[in-house]
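Notes for the one structure printed next.
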Amino acid sequence: QVHLVESGGGLVQPGGSLRLSCAASGSIFTIYPMGWFRQAPGKQRELVAAITTGGNTNYADSVKGRFTISRDNAKNTVYLQMNSLKPEDTAVYLCNVDPYSRPVNEYEYWGQGTQVTVSS
């Protein structure tokens, strides 16, 4: 059973930056790609960034050029650096494993997520 703990969210002004962290249980981390997802009020959960075990990355068009996903396999942690934040980035951010192999609605387990609020 995977266990995920997200942290690093908060309230930030438009144009600001945040760095999110996701700590994952050890046995699965190094063999799976990882993804960051987000869910805004009234909207469906969406994948915003993904990273393979080798470090190749993919981004949703809405965050491309502003967000950077990275991973530290020694620490079983995946990060999301978010720059130039916009009010529309406001959401609960969550991570999960293997984002390339299943749609969002087929995940059975999620961590608690971390709230990001972009507002002046």
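- With a 6.0 Å radius and a threshold of 12 heavy atoms from other residues, nucleotides or ligands, Gln44 has its CD atom at or below the threshold.
- Outside the 6.0 Å centre-distance limit, the rings of Phe67 and Trp36 are not counted as a close aromatic pair.
- At least one side-chain heavy atom of Leu11 sits less than 4.5 Å from a side-chain heavy atom of Ser119.
- Tyr109 and Val5 fall into different hydrophobic clusters, where Ile, Leu, Val, Met, Phe, Trp and Tyr are joined by side-chain heavy atoms under 4.5 Å apart, directly or via other members.
- By the 4.5 Å heavy-atom criterion applied to side chains, Val116 and Arg38 are not counted as neighbours.
- A donor atom on one side chain and an acceptor atom on the other are found under 3.5 Å apart for Tyr100 and Asn58.
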Derivation and outcome, side-chain contact (heavy atoms from CB on, under 4.5 Å), residues Thr117 and Val12 | CA-CA 6 Å; Thr117 303; Val12 63; over 6 Å; no

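- Here the closest non-hydrogen pair linking Tyr59 and Ala49 is CD2-CB, 3.7 Å.
- Exactly one residue among Asp98, Thr53, Asn96, Leu4 makes a side-chain contact (heavy atoms from CB on, under 4.5 Å) with Met34. That residue is Leu4.
- Side-chain contact between Tyr93 and Met82 is present, with at least one heavy-atom pair separated by less than 4.5 Å.
- Between Ser120 and Pro14, the closest heavy-atom pair is N-CD, 3.7 Å.
- With rounding to the nearest 0.5 angstrom, the CD atom of Glu6 is 4.0 Å from the SG atom of Cys95.
- Nearest approach of Val48 to Val63, heavy atoms of both residues: O-CG2, 3.4 Å.
- Side-chain heavy atoms closer than 4.5 Å link hydrophobic residues (I, L, V, M, F, W, Y) into clusters, and following such links, possibly through other members, connects Leu80 to Leu85.
- Criterion: ILVMFWY side-chain heavy atoms under 4.5 Å apart, direct or through other members. Under it, Trp110 and Val97 are not part of a common hydrophobic cluster.
- No side-chain N or O of Asp72 forms a donor-acceptor pair with one of Thr77 less than 3.5 Å apart.
- By the neighbour-count criterion of 12 heavy atoms within 6.0 Å, atom NZ of Lys64 is densely surrounded, having more than that number from other residues, nucleotides or ligands.
- Separating the CD1 atom in Ile51 from the CG atom in Asn56 is a distance of 8.0 Å, to the nearest 0.5 Å.
- Put simply, the side chain of Ser70 does not reach to within 4.5 Å of the side chain of Gln81, judged on heavy atoms.
- By the rule that hydrophobic residues join a cluster once side-chain heavy atoms approach within less than 4.5 Å of another member, Leu47 and Leu94 end up as members of one cluster.
- Scanning all heavy atoms of the two residues, the minimum distance from Ala40 to Thr90 falls at CB-O, 3.6 Å.
- Heavy-atom neighbours of Tyr107 OH from other residues, nucleotides or ligands within 6.0 Å: above the threshold of 12.
- Ser7 meets the side-chain hydrogen bond (donor to acceptor under 3.5 Å, both in side chains) test with no other residue; sequence neighbours excluded.
- Taking every heavy atom of both residues into account, Phe37 and Pro99 meet most closely at CZ-CB, 4.0 Å.
- Using a cutoff of 4.0 Å between basic side-chain nitrogens and carboxylate oxygens, Lys86 and Asp89 are not scored as salt-bridged.
- Leu18 and Val92 fall into different hydrophobic clusters, where Ile, Leu, Val, Met, Phe, Trp and Tyr residues are linked whenever their side-chain heavy atoms come under 4.5 Å apart, directly or through other members.
- Considering OG1 of Thr68 and CZ of Arg19, their distance stands at 10.5 Å, rounded to 0.5 Å.
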